[in-house]
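These notes concern the structure reproduced below.
Labels below follow one simple rule: chain letters A, B, ... track the order of the sequence lines, proteins then strands, and each chain is numbered from 1.
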Amino acid sequence: MLDLKFIRENPERVKEAVNNKKESGDVDAILDLDKRRREIINEVEVLKAERNTASKKIGELKKKGEDAGDIVKKMKEVSNRISDMDNELREVGEKLSSALLTIPNIPHPDTPVGGGEEDNMKIDEWGEKPAFDFKPRTHWELGEILDIIDLPRGANVSGSGFPVLKGAGAKLQRALINYMLDLHREKHGYCELRVPYLVTRETMTGTGQLPKLEDDMYSTSDDMFLIPTAEVPVTNLHKGEILTADQLPIYYESYTPCFRREAGSHGKDTRGLIRVHQFDKVELVKICHPDNSYDELEKLTSEAEYVLRTLNLPYRKAILCTADLSFAAAKCYDLEVYSAGVDKYLEVSSCSNFEDFQARRANIRFKPSPDTKPMFVHTLNGSALALPRTMIAIIENYQTRDGRIKIPEVLRGYMNGIEYIEA
RNA sequence: GGAGGGGUGGCCGAGCGGCUGAAGGCAGCUGCCUGCUAAGCAGUUAUAGGGUAACACCUAUCCAGGGUUCGAAUCCCUGCCCCUCCGCCA
């Protein structure tokens, strides 16, 4: 959420952001509501002041045993008017708040203006694509041959988009999860969290998934939501808190399943594990001082890259353009891993700085020093990494001619030292 | 699921229709005092909105939302959260 004052003072910049992000928030409507709201406040507060002084007087009169009938009668009318105006004020206020929630964050100057994926700015490329002297198989072919991915039975239980990993496949994913969690905890200083997978509407609003993306979320009959990413429970952990400066920066990592309806993406990349309704992910979240959030973003991104590098998976890195940038983000790096079987780059991580946009929604503040006013923190997050696409890249890039999968060195300790997955 | 108890300022804790934005204590800040001691004395310290050149001033806030009343921290209703006991249960 943007600061209302900022919108009032910079309407053109906000409109530009709305357009560049291809959002539909109505800035003029907000300005009108804001103006109307302040008018009502001015009027009603005069009446309230009147009521307060009159009430005091009534109290005094009654104590002296004098008659206050006239003034009480008059105040009853004033009270009715106040109550009418309060109702209108509440209505206008609610409209204003919900309108405010539809205004996206303003992109950082580094973010290229663009209309789609093709305008993302590629800034780095790492690693060599594997060279095969045979035609590499896709992960769904290998998954079936080795009996480590069972898509039909997943569909049998839950419908398409709910894959089942089996045997060494399940083990490989767990090895990856443990590897990533250990790495970020030991090497990068993250505190590991296990968090709820069902959250409230308020929590979903705090990080910006709601109201915009409600159709993409799974919800329950009692208005809870299955998390689409650990970002939601983890960033909201300190919702409503005022932190002290020495608590910052906070680094959290959390492994969770993620649930996404993927509404509107039918038929797009739907084979195998590429795009599914439930997947696992290790997520990194940072809560930090506004002055160094962009340094933290660089660090965060490099920590995600480190996972790819130690797994020896080739990838490329891009800054998302305005149209691809998410609603709440100011700047975002995407990491895409190359996978030989599908011969594609697959997004495995988005590392974003939300500046104070989420902090304002979730009301997460800190005191720079004990006697200064609280101000909003900056929040960041990044996947490190999303599991299915990392699995895809390992299965496809590490395959052998005879249909085995070599285990990357760094994972062997998590795989009982085995060197190959084989039939 | 049943039966009770509770949610007040940075913290502890009073208040239970007007004199309470809120006693008292702790912590913090300011000054004074004291050649030692986590000592003593006085003052001061919430947040948000409106308003002002800046003050002043006004409004709201005692978990949240409704209601009663001229007037609510205080009475009534609903919800949320916490605690205790019983039941159930991985």
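Residues forming a side chain to side chain contact (heavy atoms under 4.5 Å, CB included) with Arg13(A) (at least two apart in sequence, or on another chain): Phe6(A), Asn10(A), Ile106(A). Applying the side chain to side chain contact (heavy atoms under 4.5 Å, CB included) rule to Leu210(A) yields the partners Arg201(A), Met204(A), Thr205(A), Glu214(A), Phe225(A); only residues at least two apart in sequence or on another chain are considered. Annotation: side-chain hydrogen bond (donor to acceptor under 3.5 Å, both in side chains) contacts of Lys171(A) (sequence neighbours excluded): Asn416(A). Under the rule for a side chain to side chain contact (heavy atoms under 4.5 Å, CB included), the partners of Pro112(A) that lie at least two apart in sequence or sit in another chain are Met121(A), Ile319(A), Cys321(A). Scanning for side chain to side chain contact (heavy atoms under 4.5 Å, CB included) contacts around Thr310(A) gives Tyr179(A), Tyr306(A), Val410(A), with sequence neighbours left out. The side-chain hydrogen bond (donor to acceptor under 3.5 Å, both in side chains) search around Glu91(A) returns none, not counting sequence neighbours.
rC58(B) and rG65(B) have their P atoms separated by 24 Å, with the value rounded to a whole Å. Distance noted for atom C1' between rG35(B) and rU44(B): 28 Å (whole Å). Rounded to whole Å, the separation between the P atoms of rG4(B) and rA90(B) comes to 28 Å. Here the separation of rU52(B) from rC62(B), taken at their P atoms, is 28 Å to the nearest Å. To the nearest whole angstrom, the two C1' atoms, one in rA42(B) and one in rC33(B), are 11 Å apart. Rounded to the nearest Å, the gap between the C1' atom of rG1(B) and that of rC88(B) is 8 Å. For the C1' atoms, the distance linking rG9(B) with rA48(B) amounts to 15 Å, nearest Å. For the C1' atom pair drawn from rG21(B) and rA60(B), the interatomic distance equals 11 Å after rounding to whole Å.
Nearest heavy-atom pair, Ala329(A) versus Lys21(A), reported as atom, atom and distance to 0.1 Å: O-NZ, 2.8 Å.
Atom C1' of nucleotide rG65(B) and atom CG of Asn87(A) are separated by 13 Å, given to the nearest angstrom. For the pair Asp86(A) CG and rU69(B) P, the interatomic distance rounds to 16 Å; values are reported in whole Å. Whole-Å rounding puts the Asp223(A) CG to rC80(B) P distance at 12 Å. Between the P atom of rU69(B) and the NZ atom of Lys56(A) lies a distance of 23 Å, rounded to the nearest Å. One interatomic measurement links the two molecules: CG of Leu89(A) to P of rG66(B), which rounds to 11 Å at whole-angstrom precision.
Across all strands shown, rA42(B) forms a Watson-Crick or G-U wobble pair with rU30(B), both key distances being under 3.5 Å. When Watson-Crick and G-U wobble pairs are counted only if both distances are under 3.5 Å, rC11(B) pairs with rG25(B). Base pairing of rG65(B) is made with rC77(B), judged by Watson-Crick or G-U wobble geometry with both donor-acceptor distances under 3.5 Å. With a cut-off of 3.5 Å on both pairing distances, rA54(B) has no Watson-Crick or G-U wobble partner at all.
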For nucleotides 48-57 of chain B, which of its nitrogen or oxygen atoms have a protein nitrogen or oxygen under 3.5 Å away, and what is each distance?
from    : atom 1 : to       : atom 2 : distance (Å)
rG49(B) : N2     : Glu45(A) : OE1    : 2.8
rG49(B) : N2     : Glu45(A) : OE2    : 3.3
rG50(B) : O2'    : Asn42(A) : OD1    : 2.5

Could you pull out the protein-nucleic contacts involving nucleotides 70-72 of chain B (nitrogen or oxygen on both sides, under 3.5 Å)?
from    : atom 1 : to       : atom 2 : distance (Å)
rC70(B) : OP2    : Lys76(A) : NZ     : 2.7
rC70(B) : O4'    : Val72(A) : O      : 3.4
rC70(B) : O3'    : Ser79(A) : OG     : 3.0
rC70(B) : N4     : Lys62(A) : NZ     : 3.3
rG71(B) : OP1    : Ser79(A) : OG     : 2.6
rG71(B) : O4'    : Ser55(A) : OG     : 3.1

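Under a 4.0 Å N-O distance rule, the pair Lys48(A)/Glu45(A) does not qualify as a salt bridge. Salt-bridge annotation for Arg309(A) and Glu305(A): present, with a side-chain N of the basic residue lying under 4.0 Å from a carboxylate O of the acidic one.
For residues 84-110 of chain A, the ring pair (Phe, Tyr, Trp, His ring centres under 6.0 Å) pairs, not counting sequence neighbours, are His108(A)-Tyr294(A). Pairs engaging residues 376-386 of chain A under the side chain to side chain donor-acceptor pair (under 3.5 Å) rule: Glu231(A)-Asn381(A), Ser293(A)-His378(A), Gln358(A)-Thr379(A) [sequence neighbours left out]. Applying the side chain to side chain donor-acceptor pair (under 3.5 Å) test to pairs two or more places apart or on separate chains, those with a residue in residues 139-167 of chain A are Thr138(A)-Trp140(A), Thr138(A)-Glu141(A), His139(A)-Glu396(A), Asp147(A)-Lys166(A), Asp150(A)-Arg153(A).
Annotation: proximity of residues 90-99 of chain A to RNA chain B (heavy atom, distance under 4.0 Å) is found for Arg90(A), numbered in ascending order.
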